[in-house]
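Each remark here refers to the structure printed beneath this line.
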Number of protein chains: 2
Amino acid sequence: MKAANAYSADCPTRQILDRVGDKWAVLILLLVRDKPMRFNALRRAIEGISQKMLSQVLKSLERDGLIRRRAIATVPVTVEYSIMPLGATLAGAVDPLRDWAERNLKEVLAAQRRYDAQRKALAA
Amino acid sequence: MKAANAYSADCPTRQILDRVGDKWAVLILLLVRDKPMRFNALRRAIEGISQKMLSQVLKSLERDGLIRRRAIATVPVTVEYSIMPLGATLAGAVDPLRDWAERNLKEVLAAQRRYDAQRKALAA
DNA sequence: TTATCTAGTCACTATTGGATACCAAAGCCG
DNA sequence: CGGCTTTGGTATCCAATAGTGACTAGATAA
């Protein structure tokens, strides 16, 4: 029964889900999918990410073969990050999730309000 | 420019992605989708999750309106968790990601090996 | 001399997750 | 009667990780 085992730690889905759940990775992936971007351009686009996290996440995305890093020997060194075919397919798999989020966020928030109101009523 | 703003903290996608990236939430959602399950049945099925995390994640899934909690006043109290329509649609949106993970994990691992080998070669 | 670009490092804090112990209520054993 | 079990939690403490800001570096152009 491999299906039951899918809920143990060495499940491929879990590993990918960890990557996707990463606070920044998907954001970067989706930005880079549209067009190649430079380090500081990403930094400005995301707004809130620290240099450390950006370079860390970029490195891990590159390691996974999802994006490509290309350094250009210009005056101050320029580094361009672009999407790889593998990364593009992952970004595509994330799209349904993004659609779901946009369509259903209101309902989720409503459910949260209902839940909180009920708990408050019980506490009183 | 709302599109640029989508990469700030109040983006709905980000909120949902955080939920999906949760180490256990998706696992529980997919288990409960198949059939209603009791607390300890989930605990045994997932294997590795602590009571604390299980009850914590179940509570947040219930709050989001994704699953329903039903307590039955039996000898030792029985609690059954089942999927809600909203949760079922989310689980459906996660499926492409799971497919991607299963189809592409090998390639990701290969990319990691290539990357590590190259870095080691550079270091030497 | 100061700014720009892409990092890497240090120190600190916030958040996560695990282990452990505890609670209630009922039954069952001796 | 006391102690033990089961179910579904809660509370608390602690270690590990994640994430931040500030600082550094090196090269060069204005």
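Just so we're on the same page: letters track the sequence lines, and every chain starts at 1.
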Contact class for [X] vs. all strands (heavy atom < 4.0 Å): base, sugar-phosphate, or nothing?
X	value
A:Lys52	base
A:Asn40	base
A:Arg43	nothing

Looking at the side chain of [X], which of [options] is the nearest nucleotide?
X	options	value
B:Ser55	D:dG9, D:dG8, C:dT6	D:dG9
A:Lys59	C:dG8, C:dA11, C:dA19	C:dG8
A:Pro76	C:dT4, C:dG18, D:dG19	C:dT4
A:Trp24	C:dA7, D:dT20, D:dT10	D:dT20

When the distance from [atom1] of [X] to [atom2] of [N] is rounded to whole Å, what number comes out?
X	N	atom1	atom2	answer
B:Gln56	C:dT16	CD	P	8 Å
A:Arg38	C:dT4	CZ	C1'	10 Å
B:Asp18	C:dA14	CG	C1'	15 Å
B:Leu54	C:dA19	CG	C1'	16 Å
B:Ile46	C:dG17	CD1	P	13 Å
A:Ile49	D:dT20	CD1	C1'	11 Å
A:Gln51	D:dT20	CD	P	12 Å
B:Leu58	D:dT7	CG	C1'	14 Å

- Message: Any non-hydrogen side-chain atom of B:Val57 less than 4.5 Å from a side-chain atom of B:Asp22?
- Response: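 B:Val57 vs B:Asp22: side chains touch.
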- Salt-bridged, B:Arg70 to B:Glu80, with N to O below 4.0 Å?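 Between B:Glu80 and B:Arg70 there is a salt bridge, with a charged N closer than 4.0 Å to a carboxylate O.
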- Do NZ/NE/NH1/NH2 and the carboxylate oxygens of B:Arg98 and B:Asp95 come within less than 4.0 Å?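 A salt bridge is present here (some side-chain N lies under 4.0 Å from a carboxylate O).
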- Message: I need the A:Ser55 OG to A:Glu62 CD distance, nearest 0.5 Å.
- Response: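 Those atoms lie 11.5 Å apart.
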- Message: If I take atom CH2 from residue B:Trp24 and atom CD1 from residue B:Ile49, how far apart are they, to the nearest 0.5 angstrom?
- Response: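 Those atoms lie 5.0 Å apart.
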- Query: Want to settle it: does A:Thr74 or A:Gly48 sit nearer the 5' end of DNA chain D, counting the closest nucleotide to each?
  - Reply: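 Of the two residues, A:Gly48 wins.
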- Task: Evaluate side-chain contact (heavy atoms from CB on, under 4.5 Å) for B:Asn104 paired with A:Ile16, printing each intermediate quantity in order.
- Result: CA-CA 9 Å; B:Asn104 297 105; A:Ile16 300 302; over 6 Å; no
- Could you tell me, to 10°, how much the axis swings from one end of the helix from C:dT1-D:dA30 to C:dG30-D:dC1 to the other, five pairs per end?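 For the helix from C:dT1-D:dA30 to C:dG30-D:dC1, the axes at opposite ends meet at about 30°.
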- Message: Looking at B:Arg33, I want to see if its CZ is surrounded by more than 12 non-hydrogen atoms of other residues, nucleotides or ligands under 6.0 Å.
- Response: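 For B:Arg33, atom CZ is crowded (more than 12 foreign heavy atoms under 6.0 Å).
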- Kindly say if B:Ser50 contacts the phosphate of C:dG18, meaning a side-chain N or O under 4.0 Å from OP1 or OP2.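 B:Ser50 to C:dG18 OP1/OP2: side-chain N or O found under 4.0 Å.
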- Task: Indicate whether OP1 or OP2 belonging to C:dA7 is found under 4.0 Å from a side-chain N or O atom of A:Tyr81.
- Result: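 Checking A:Tyr81 against C:dA7: at least one side-chain N or O falls below 4.0 Å of OP1 or OP2.
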- Item | Side-chain donor/acceptor of A:Asp64 to backbone N/O of A:Leu66, under 3.5 Å |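 No, because the side chain of A:Asp64 does not come within donor-acceptor range (under 3.5 Å) of the backbone of A:Leu66.
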